[in-house]
Protein chains: 2
Amino acid sequence: MSSTDAVPTELLKRPKRADALRNYEKVLTAAREAFAEGGEATALEEIARRAGVGIGTLYRNFPNRQALLEALYLGEVEQVCRSAAEFADAEPWDALNGWIGRLVAYIGTKRALAGELQNYLDQDAELFATSRESLWGAGRPLLTRAQEAGAVRRDVTIGELIQLVVGIVKIPSADPEQVDHILRVALDGLRYQA
Amino acid sequence: MSSTDAVPTELLKRPKRADALRNYEKVLTAAREAFAEGGEATALEEIARRAGVGIGTLYRNFPNRQALLEALYLGEVEQVCRSAAEFADAEPWDALNGWIGRLVAYIGTKRALAGELQNYLDQDAELFATSRESLWGAGRPLLTRAQEAGAVRRDVTIGELIQLVVGIVKIPSADPEQVDHILRVALDGLRYQA
DNA sequence: GACAAAACGGAGGGTACCTCCGTATAGTTC
DNA sequence: GAACTATACGGAGGTACCCTCCGTTTTGTC
């Protein structure tokens with residue numbers, strides 16, 4: 001839970017000041033907590049208060065609500081991507097399934113975040129496309145391996161597979177068992193060529 | 001398109017005044033148009049302006065944003081339910097598929113509305129549950145018939161099927177062809193018992 | 001310790017949601 | 001058709017939130 005390297009250092013032209021970095025982290029952490037507790041509609045001023053910074057500081061780091069949500073989102077996606085490596089040694093079908101399980105678990109805890117994000121998608125699809133690419137990159141080897149082993153129909157792309165899973169899991173049904181079953185049915189469908 | 005009987009007359013204790021009824025319709029129509037044109041985030045004051053009524057009148061008919069969205073939503077769902085009757089005479093699998101096609105088309109045009117609604121779902125699931133029931137009631141005979149004909153695996157419920165379709169179609173992908181393909185893969189999965 | 005660049009924080013402008021209540025209108029009764 | 005009452009109208013204004021702007025403070029450097 002120690003979050004030291006959570007800053008996307010790739011594009012920082014010059015090093016930030018130490019206090020600025022601290023505040024950036026504090027806002028991100030407060031936002032994570034606040035969205036989890038109080039729902040996706042939590043006021044940004046409340047988040048600034050929790051973080052112990054002024055509203056101006058929040059907005060300097062994240063020009064608008066969407067930017068803050070995206071920053072959270074990107075961090076989470078990165079985690080899922082990294083988890084793909086864990087399944088490199090398993091049987092093709094099991095590996096794919098295992099990683100999908102991770103994806104499902106991730107979406108389950110962050111459903112509110114995902115929902116809010118969908119509202120902003122049309123406005124700024126750029127950053128979202130980037131993260132989608134990395135998610136695809138992480139999952140594609142698993143899918144390809146499963147297809148080459150004959151465990152999955154070959155006309156499915158990794159993008160389709162992920163969207164299928166995301167679409168199902170994001171369903172606002174009260175019953176998680178039902179969602180599980182739907183997912184299982186859909187994944188069964190992957191195994192047979194039409 | 002003539003909308004005369006769109007008022008849910010079931011629960012009206014005493015007849016509304018004629019002008020009140022007129023305004024109710026005007027607001028609903030304006031809201032439909034405004035949400036279609038300007039997106040789900042259109043201000044309610046803009047809708048009142050379009051309808052040619054005061055904001056107070058809008059709020060008397062629909063106590064809050066959610067109520068207005070729900071009223072629109074219910075009307076649309078009813079339409080999809082009615083369309084199920086059209087497929088009573090087709091082959092079992094084709095009938096089911098045909099109706100699903102309707103469902104897809106409906107969601108496609110109303111994606112924004114569906115998205116906005118999802119935000120409010122947790123707050124007031126009551127009315128939503130009612131409309132879900134009627135959607136299930138409309139689709140269940142088609143599914144049952146397909147199952148009895150051996151065309152669809154028997155462990156799938158109508159609720160699961162609908163949620164599967166909704167989940168997939170609501171995916172915010174830019175490419176409709178891809179969504180179609182995902183849907184086809186998922187529906188293929190329905191035919192085989194695991 | 002002095003100085004410039006960087007960052008801070010919160011007052012305040014703008015907008016949207018929703019409420020409240022004085023005014024206007026529909027429907028009824030004679 | 002005039003008088004009357006219940007019903008409905010409309011928009012001013014309170015509240016909350018988003019975001020900007022700028023005077024003040026802090027950091028890092030020489």
Side-chain angles (χ1 to χ4, degrees), chain A residues 7 9 11-31 34-35 37-72 112-113 116-117 119-120 122-124, chain B residues 7 9 11-31 34-35 37-72 112-113 115-117 119-120 123-124:
Chain A
V7 195
T9 42
L11 291 177
L12 289 183
K13 297 186 174 182
R14 290 172 199 183
K16 269 178 150 184
R17 247 170 58 174
D19 55 345
L21 217 82
R22 260 196 321 270
N23 284 333
Y24 177 89
E25 291 295 339
K26 281 199 286 186
V27 169
L28 223 45
T29 303
F35 284 135
E37 285 177 32
E40 61 210 25
T42 307
L44 295 190
E45 257 133 0
E46 161 71 11
I47 290 171
R49 207 187 49 69
R50 271 171 178 260
V53 305
I55 185 66
T57 296
L58 187 152
Y59 273 95
R60 200 167 322 100
N61 284 293
F62 309 97
N64 51 45
R65 188 183 192 79
Q66 181 185 4
L68 177 55
L69 287 164
E70 281 178 348
L72 285 176
L113 181 56
E116 175 87 347
L117 256 179
N119 290 349
Y120 291 102
D122 300 330
Q123 297 171 32
D124 174 12
Chain B
V7 195
T9 43
L11 291 176
L12 289 183
K13 298 186 174 182
R14 290 171 198 184
K16 269 176 152 183
R17 249 170 58 174
D19 54 346
L21 218 82
R22 261 197 319 271
N23 283 334
Y24 177 89
E25 292 296 339
K26 281 199 286 186
V27 169
L28 224 44
T29 303
F35 285 135
E37 284 176 33
E40 62 209 24
T42 308
L44 295 189
E45 257 132 0
E46 160 71 11
I47 290 171
R49 208 186 48 68
R50 271 170 178 259
V53 306
I55 185 67
T57 295
L58 187 152
Y59 273 95
R60 200 168 319 101
N61 283 292
F62 308 97
N64 51 45
R65 187 183 193 81
Q66 182 185 3
L68 176 55
L69 287 164
E70 281 177 349
L72 285 177
L113 180 56
E116 174 88 346
L117 257 178
N119 289 349
Y120 290 102
Q123 296 170 34
D124 174 10

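Side chains are part of it too, since the values below use all heavy atoms of this structure and drop only hydrogens, waters and symmetry mates. Naming convention: chains lettered A, B, ... in sequence-line order (proteins, then strands); numbering from 1 in each chain.
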Nucleotide [N], atom [atom2] - distance to [atom1] of [X] in whole Å:
X: B:L58; N: D:dC9; atom1: CG; atom2: C1'; result: 13 Å
X: A:K26; N: C:dA7; atom1: NZ; atom2: P; result: 15 Å
X: B:I47; N: C:dT15; atom1: CD1; atom2: C1'; result: 15 Å
X: A:R60; N: C:dC8; atom1: CZ; atom2: C1'; result: 6 Å
X: A:I55; N: C:dG12; atom1: CD1; atom2: C1'; result: 13 Å
X: A:R65; N: D:dC19; atom1: CZ; atom2: P; result: 8 Å
X: B:N64; N: C:dA16; atom1: CG; atom2: C1'; result: 14 Å
X: B:F62; N: C:dA16; atom1: CZ; atom2: C1'; result: 19 Å

Tell me whether B:R50 is salt-bridged to B:E37, with the criterion being a basic N under 4.0 Å from an acidic carboxylate O.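 Between B:E37 and B:R50 there is a salt bridge, with a charged N closer than 4.0 Å to a carboxylate O.
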Phosphate oxygens OP1/OP2 of C:dC8: is one of them under 4.0 Å from a side-chain N or O of A:N23?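 Answer is yes, contact under 4.0 Å.
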Counting just side-chain N and O atoms, does A:T57 come under 4.0 Å of either OP1 or OP2 of C:dG9?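 Affirmative; the distance criterion is met.
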Checking A:T57 side chain against A:V53 main chain: does a donor-acceptor pair fall under 3.5 Å?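 Here the side-chain-to-backbone pair does not exist.
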Within the modelled atom types, does a donor on one side and an acceptor on the other bring the side chain of [X] and the base of [N] under 3.5 Å apart?
X: A:E46; N: D:dC17; value: no
X: B:Q66; N: C:dC17; value: no
X: A:R17; N: C:dA6; value: yes

Regarding B:N23 and B:K16, is there a side-chain donor-to-acceptor distance under 3.5 Å anywhere?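 No, because no side-chain N or O of B:N23 sits under 3.5 Å from a partner of the opposite role on B:K16.
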B:R22 or A:A20: which one's nearest nucleotide on DNA chain C is closer to the 5' end?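 Comparing both residues, the 5'-ward one is A:A20.
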Looking only at non-hydrogen atoms, find the nearest pair between B:I47 and B:A34 and report the distance.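 What the structure gives for the nearest pair is CG1-CB, 3.8 Å.
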Please evaluate residues B:R65 and B:L68 with respect to the criterion side chain to side chain contact (heavy atoms under 4.5 Å, CB included), reporting the C-alpha separation (whole Å), side-chain torsions for both, the decisive distance (0.1 Å), and the verdict. CA-CA 5 Å; B:R65 187 183 193 81; B:L68 176 55; 5.9 Å; no
Closest to side chain of [X], choosing from [options]:
X: B:D19; options: C:dG9, D:dC9, C:dC17; result: D:dC9
X: A:L44; options: C:dC18, D:dC18, C:dA11; result: D:dC18
X: B:Y59; options: C:dC18, C:dA11, D:dA8; result: C:dC18

